[in-house]
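Notes for the one structure printed next.
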Amino acid sequence: MTDTAATDQGFRPRLSRERIVLEALRVVDDEGLQALSMRRLGSLLGVEAMSLYRYVDGREDLLEAMVEHLTDGLHLTPETPVSAEDGWQAYLQWLAHEVRRVAHAHPQIFPLIATRHPAAPWLRPPLRSLDVVEDFLAVLTRQGFGDEAAAAAYRAFSSFLVGHLLLEASQLGGTTVPDEPLDEGDPNAGSSGLALAEYPTIRRLEPELSQDRSDEEFESALEELLDRIARTERS
């Protein structure tokens, strides 16, 4: 097999870096990161694995390209529904929800966004794109933040996103360890299958603990963070 592009007969779409990245994203979304290999990707694209190296410099370059593809939409453009003129709080609200949208749409890949080493040691995932960081710092400094306050806001905002969204992605993307079978014959087993006989308070509160309140918790924590950033601006 070769990566010969669509000919006059139109047998196969032309191979490109973008097509490789999109297919890699599909594989990871459907089957998890462990399913991604250059050989598997080549087979799905109808080419030998070696043909992919004309467009990506191996698996690490491919992973970075996948991250870049998903974070491109976080950069302000004329089409973005919010602008710097709307104020820094409106911008940070939009940005936080856009990052969360990525985490929810691609829970298998978001941990990669949140943990891969950035291009520079002072960049912090998941806001690791130079374009996005430039937007962030420019919006805040144009709205009256000093340099130190803007940098502190960037660090706090990044930590908030990683802390909340890694947990949400793990809940949406399946278990990271094999599921333990539920012993339905154990009357002391909680709904999770854990033996809770020795933990009466946990057992009593398990229905409350099991409720999914991620939406309200995210919104509440985001509001508290923005209030803290506002106090930093004024100090």
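Numbers here simply count residues along the sequence, with the first being 1.
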Could you work out, with side-chain hydrogen bond (donor to acceptor under 3.5 Å, both in side chains) as the rule, every residue matching [X], not counting sequence neighbours?
X      : answer
Glu85  : Ser83
Arg116 : Glu60, Glu64
Glu79  : Thr77
Arg101 : Glu98

Atom [atom1] in [X], atom [atom2] in [Y]: separation rounded to 0.5 Å?
X      : Y      : atom1 : atom2 : result
Thr80  : Leu95  : OG1   : CG    : 10.0 Å
Phe157 : Leu225 : CZ    : CG    : 7.0 Å
Ile109 : Leu70  : CD1   : CG    : 5.5 Å
Met38  : Tyr53  : CE    : OH    : 4.0 Å
Asp131 : Asp72  : CG    : CG    : 8.0 Å
Leu140 : Asp135 : CG    : CG    : 11.5 Å

Locate the shortest heavy-atom distance separating [X] from [Y]; write the atom from each residue and the value.
X      : Y      : value
Pro81  : Asp86  : O-OD2, 4.4 Å
Ala169 : Ala103 : CB-O, 4.4 Å
Pro125 : Val162 : O-CG2, 3.1 Å
Arg17  : Val56  : NH1-CG1, 3.5 Å
Leu52  : Gly42  : CD1-N, 3.7 Å
Pro126 : Ser158 : CD-O, 3.8 Å

Is a side-chain donor or acceptor of [X] paired with a backbone partner of [Y] at a separation under 3.5 angstrom?
X      : Y      : answer
Gln143 : Ala84  : yes
Thr71  : Val67  : yes
Arg39  : Ala49  : no
His106 : Val102 : no

Take atom [atom1] in [X]; do more than 12 heavy atoms of anything else shown fall under 6.0 Å from it?
X      : atom1 : answer
Glu134 : CD    : no
Asp147 : CG    : no
Arg59  : CZ    : yes

- Task: Please determine which of Gln108, Arg40, Arg26 meets the side chain to side chain donor-acceptor pair (under 3.5 Å) test together with Glu31.
- Result: Arg40
- Which residue pairs pass the ring-ring contact (aromatic ring centres under 6.0 Å, His included) test when at least one of the two sits in residues 62-93, sequence neighbours left out? Trp88-Phe145
- Query: Given Phe110 and His104, is the ring-ring contact (aromatic ring centres under 6.0 Å, His included) satisfied, shown in steps?
  - Reply: CA-CA 8 Å; Phe110 186 76; His104 281 217; 9.3 Å; no
- Task: Could you check Gln89 against Glu223 for side-chain hydrogen bond (donor to acceptor under 3.5 Å, both in side chains), going step by step and ending with a plain yes or no?
- Result: CA-CA 9 Å; Gln89 290 191 344; Glu223 289 292 341; over 6 Å; no
- Kindly write out the residues that satisfy side chain to side chain contact (heavy atoms under 4.5 Å, CB included) with Ala24, not counting sequence neighbours, or none if the list is empty. Leu36, Leu41, Leu62, Met66
- Task: Could you please spell out the steps behind the salt bridge (charged side-chain N to carboxylate O under 4.0 Å, His left out) verdict for Arg100 and Asp215?
- Result: CA-CA 10 Å; Arg100 191 174 189 235; Asp215 286 346; 2.8 Å; yes
- Item | Ring geometry between Tyr154 and Phe136 (parallel below 30°, tilted from 30 to 60°, perpendicular above 60°) |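 Plane angle over 60°, so perpendicular.
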- Message: Just so I know, are the side chains of Trp94 and Leu76 near enough to count as touching, which here means a heavy-atom distance under 4.5 Å?
- Response: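 Yes, close enough: below the 4.5 Å cut-off.
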- Message: Is there a side-chain contact between Leu161 and Arg124 in this structure, where contact means two heavy atoms from C-beta onward sitting under 4.5 Å apart?
- Response: no
- Message: Let's go through Val139 and Leu92 carefully: what are the C-alpha distance in whole Å and the side-chain angles of both, what is the deciding distance for side chain to side chain contact (heavy atoms under 4.5 Å, CB included) to 0.1 Å, and is it a yes or a no?
- Response: CA-CA 9 Å; Val139 168; Leu92 293 190; over 6 Å; no
- Message: Membership question, hydrophobic clusters at under 4.5 Å side-chain separation (ILVMFWY): are Leu167 and Leu165 in the same one?
- Response: no
